[in-house]
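Here the structure comes first, spelled out in structure tokens, and everything after it is commentary.
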Amino acid sequence: MSERYEAQEIEAKWQQQWHASGIDAACDDDDRESYYCLVMFPYPSGNLHMGHVRNYCLGDAVARYKRMHGFNVLHPIGWDAFGLPAENAAIKHKRPPAEWTYANIDQMRVQLKRLGLSYDWSREIATCHPGYYRWEQWLFTRLMEKGLAYQARAEVNWCDPCHTVLANEQVVEGACWRCDTPVIRKNLKQWFIRITDYAEELLADLDKLDGWPEKVIGMQRNWIGKSSGAEVSFRLEGSDETLEVFTTRPDTLMGVTYMAVAAAHPLAKKAAEANIDLADFLEECSKISTKEADVETMEKKGMATGFNAVHPITGASVPVWVANFVLMGYGTGAVMSVPAHDVRDFDFARKYDLPVKQVIAPETGDWDITAAAFTEQGQLINSAQFDGLPSPDAKAAITGWLAKNGKGSERVQYRLRDWLVSRQRYWGAPIPVIHCADCGAVPVPDEQLPVVLPTDLQPTGGASPLNDCAAFRHTDCPRCGKPAERELDTFDTFMESSWYMNRYTSPRSADAMVDAGDMARWAPVDQYIGGVEHAVLHLLYARFYHKLMRDAGLFTSEQCGDEPFKNLLTQGMVLKDGTKMSKSKGNTVDPKAIIERFGADTARLFTLFAAPPEKELEWNDAGVEGAHRFLKRVWRLLEKVDAASDGDDDAAAVKLMRRTIHTTIERVTHAFEHGFAFNVAIAAQMELANALQDFLPQGQSGKAAYREGVQVLATMLAPFVPHFACEMGERLGMEQVAVLAPWPVADQAALEQDEITLVVQVQGKKRGEIVIGKDAGQDEALAAAQADYAIHKWLDGMQIVKVILVPGRLLNIVVKPA
RNA sequence: GCCGAGGUGGUGGAACUGGUAGACACAAGGGACUUAAAAUCCCUCGGUAGAAAUACUGUACGGGUUCGACUCCCGUCCUCGGUACCA
């Protein structure tokens with residue numbers, strides 16, 4: 001048993017054995033409690049990077065740990081296979097994207113398998129397969145029937161290099177999330193899904209997600225951006241037209257001194273028709289891309305339109321201005337300006353010498369309204385019949401007055417907008433719609449689904465090749481039978497990733513999007529693990545989709561919940577030299593090289609040990625070697641298993657050894673149960689390994705304790721380094737293969753100590769330790785402390801004022817000079 | 001600006017519910033084995049003073065609560081992540 005640790009051999013052997021025995025498959029028919037562990041599936045770029053490795057090692061540790069606790073675990077994997085990189089590669093290599101995608105999948109599958117991840121490969125899915133996207137098309141047609149999916153002309157974000165529109169969520173600081181090019185606003189007819197109908201539920205259900213990081217919940221809450229206030233209608237002077245505004249501060253309505261509209265507002269355009277200067281100004285505003293709209297640098301600018309509005313309560317005339325800080329995309333594209341109580345309005349009023357009228361006074365103290373805006377709530381002044389009311393009451397009173405007089409109403413405004421799902425791209429799921437000159441946009445009937453994407457087209461970089469594919473484009477209207485055309489846009493790829501977690505429960509179902517029985521067994525996902533970069537995009541859409549599927553009657557909220565992911569772990573990034581790994585920086589680490597040199601187990605161990613899961617992980621080659629060294633050290637523990645000497649039992653040493661073993665079990669288990677602190681779990685096992693290394697097993701009980709320790713170590717290492725653990729287990733003659741062995745339970749008897757070490761403090765400072773009977777009371781402990789030389793000198797000449805005993809931990813003696 | 005997370009040795013990081021700060025590991029230094037190297041093993045490793053025992057000091061900074069604070073409270077500074085003329 002003294003041969004070297006040969007990672008490559010061992011890993012090949014066990015991977016083959018696991019595969020042959022099918023131990024990683026989830027059982028659909030099983031009495032065990034089920035547990036669904038899911039990692040975010042990869043885009044098949046062709047190469048596994050360290051971020052993937054970290055993600056999947058975390059997931060695998062969880063899945064294996066749960067299996068060892070007797071759960072029937074679903075741990076699937078698949079491919080988020082539609083998307084732009086495939087088209088770009090297709091252009092470059094002049095091969096259809098399907099070919100590139102499937103070749104990459106084959107390559108990455110090999111890489112994943114080499115890591116020894118315990119996936120149920122029988123459930124593998126690729127979203128570009130018609131058997132998958134068929135059901136996405138099916139659901140979409142249901143949504144069309146319900147009016148939840150619709151086509152509309154709107155100002156949308158267009159990315160030129162990507163040659164497609166983008167959803168709001170895909171615009172990051174005014175630029176395309178994928179290629180970082182500033183987006184252009186275009187007015188186009190596009191397909192949307194009415195996520196705003198679910199805004200309230202998406203917001204309210206965030207409270208149910210107690211297994212999610214606060215950070216992600218906060219980000220989603222901000223994204224949905226609910227604000228309550230009132231809509232107020234201002235009539236335009238000399239006209240029947242009105243200008244609608246939304247405000248969160250109806251209590252300040254009496255302080256309105258002017259109005260401001262966005263440059264893109266119809267009223268601004270109308271005013272510009274007769275005003276060259278204003279037209280120039282609008283032109284200037286439209287050129288400013290959102291990205292450049294830097295708060296610090298961008299000056300507040302405006303220009304009067306010449307229109308005046310009538311204050312709904314006082315009847316006073318207030319001028320209407322165009323202002324570059326008013327956004328057409330939020331609320332109504334127009335605001336009422338209350339310079340006395342809004343910083344922005346205040347600055348603007350100063351610049352253009354507009355009047356400031358204070359209508360809110362602080363509850364206590366004074367406020368110099370000429371110096372700055374007072375933005376707090378307070379008490380109303382200068383507000384006629386509303387004078388004296390505190391802000392909250394005034395909001396209700398003023399909104400009530402407006403409603404009664406038909407000039408406004410209470411209103412809730414969301415920042416969230418409907419999800420734009422159509423893309424002018426080829427490599428995506430076809431939108432199942434047929435455009436008929438007579439019948440309009442007709443959903444493709446169920447029996448004609450899926451609308452299969454032709455996979456042999458060659459993209460060129462411009463418009464989608466679907467436009468030129470007559471066989472795809474021309475069809476007959478399902479309603480009237482006349483010649484008609486297919487919709488040529490495809491779905492946003494976030495559509496596919498929004499429901500894959502549910503599809504995994506019945507990945508081959510040809511009868512339904514998901515099987516209700518399988519959903520009831522597995523859904524929702526117990527533990528979801530992935531990068532925090534999806535906090536808003538994917539995780540919001542997936543939550544939405546789960547509700548859509550529920551409301552389509554595919555499953556019930558009683559059985560599957562209203563939310564797809566019960567617990568979420570957002571892993572940190574993998575860094576090298578303090579920054580994100582990237583090809584352009586040349587600081588990437590190839591997982592393949594690490595595996596070839598040290599084996600998969602070493603790679604796994606290091607990624608789990610070097611940092612807590614949610615923190616960033618700094619790659620460190622020396623650290624990898626350290627992880628490998630640890631495995632070699634554990635391996636060498638095998639040597640002593642049979643070679644123990646036959647001397648006398650050393651009862652005290654054995655007892656201590658067993659105590660170490662069983663406290664380690666408790667520590668490791670605790671680390672797993674509290675936030676998957678794998679780095680701590682591994683550290684505890686390193687300590688056990690060190691203790692075993694220093695232990696000289698003598699006699700029968702010594703041998704037994706030693707073997708027990710090595711066996712416990714092999715078992716508890718299984719979720720992290722499964723091949724290594726299995727080989728150890730086999731060599732130890734363990735009954736079960738290590739990865740299926742029951743998780744060890746600490747033997748309470750072994751934890752018992754007759755004598756304990758108590759830390760003794762005087763005035764809260766550590767002054768020594770005493771060894772004392774475990775049940776010793778305060779008096780006994782105090783007596784022992786007083787008898788201890790090192791402690792006694794701190795008590796000499798002192799009067800004991802107070803004694804605090806923390807059982808099993810410490811004794812604190814409070815004294816004062818006698 | 002707002003929201004969130006955080007600030008502990010040379011480094012990554014431990015420390016339960018307020019109870020021995022720095023576990024575990026990396027790096028560094030010293031030593032053993034070796035003809036030599038690799039591998040392996042042993043020792044030291046927050047700061048100051050000391051040969052040592054030990055003492056003082058130390059968890060961003062300033063206060064506070066407590067017998068006792070990395071942990072709780074108040075204030076300040078800084079870092080990171082998210083988000084933003086959101087009306």
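Sequence lines set the chain letters: A, B, ... in the order given, protein chains first and strands last, and positions in each chain run from 1. Values reported hereafter were calculated over all heavy atoms of this structure, with side chains retained and with hydrogens, waters and symmetry mates removed.
- Comparing the P positions of B/G1 and B/U11 gives a spacing of 30 Å, expressed to the nearest Å.
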Under 3.5 Å, which donor-acceptor pairs link side chains of residues 791-802 of chain A to any protein atom two or more places apart or in another chain?
none

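- Looking at heavy-atom distances under 4.0 Å, A/Q693 makes contact with sugar-phosphate atoms alone, never a base.
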Dot-bracket, 5' to 3', for RNA chain B please: Watson-Crick or G-U pairs under 3.5 Å, [ ] where pairs cross earlier ones, | where the partner sits on another strand, dots elsewhere.
(((((((..(((......[....))).(((((.......))))).((((....))))..(((((..]....))))))))))))....
Using side chain to side chain contact (heavy atoms under 4.5 Å, CB included), reason through A/K576 and A/D621 one step at a time and then give a plain yes or no.
CA-CA 10 Å; A/K576 181 85 200 282; A/D621 291 325; 4.3 Å; yes
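- Comparing the P positions of B/C3 and B/G68 gives a spacing of 34 Å, expressed to the nearest Å.
- The pair A/D345-A/K300 does not count as a salt bridge, with every side-chain nitrogen at least 4.0 angstrom from each carboxylate oxygen.
- Listed nucleotides: B/U20, B/C85, B/U40. Nearest to the side chain of A/L327: B/C85.
- Rounded to whole Å, the P atom of B/G7 lies 13 Å from the corresponding atom of B/C61.
- Counting only residues at least two apart or on different chains, the salt bridge (Lys or Arg N to Asp or Glu O under 4.0 Å) pairs with a member in residues 666-682 of chain A are A/R667-A/E687.
- When each of B/U20, B/A87, B/U57 is scored by its nearest atom to the side-chain atoms of A/Y330, the top-ranked nucleotide is B/A87.
- Residues meeting the ring pair (Phe, Tyr, Trp, His ring centres under 6.0 Å) test with A/F672, sequence neighbours left out: A/Y65, A/F678, A/F720, A/W743.
- When each of B/G81, B/A27, B/C85 is scored by its nearest atom to the side-chain atoms of A/A622, the top-ranked nucleotide is B/A27.
- Within the structure, salt bridge (Lys or Arg N to Asp or Glu O under 4.0 Å) contacts touching residues 247-268 of chain A (residues at least two apart or in different chains) are A/R249-A/D251.
- With B/A23, B/G19, B/U83 as the candidates, the nucleotide lying closest to the side chain of A/L810 is B/G19.
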Between A/N690 and A/R633, does a side-chain hydrogen bond (donor to acceptor under 3.5 Å, both in side chains) hold up when you go through it step by step?
CA-CA 9 Å; A/N690 292 345; A/R633 216 159 61 230; 3.3 Å; yes
Could you run through nucleotides 62-70 of chain B and give me one letter per nucleotide, 5' to 3': B if any protein heavy atom sits under 4.0 Å from the base, S if only the sugar-phosphate is that close, - if neither?
-----BS--
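- If you check distances only, the side chain of A/K300 does reach the base of B/C85 with a donor-acceptor pair under 3.5 Å.
- Here B/C26 is the nucleotide among B/A87, B/G82, B/C26 with the atom lying nearest to any side-chain atom of A/R629.
- Using a 30° and 60° split on the angle between ring planes, A/F494 and A/W177 fall in the tilted class, from 30° to 60°.
- Between the side chains of A/W419 and A/E169, no donor-acceptor pair is found at a separation under 3.5 Å.
- Taking atom P on both B/C77 and B/G29, the two are 42 Å apart, rounded to the nearest angstrom.
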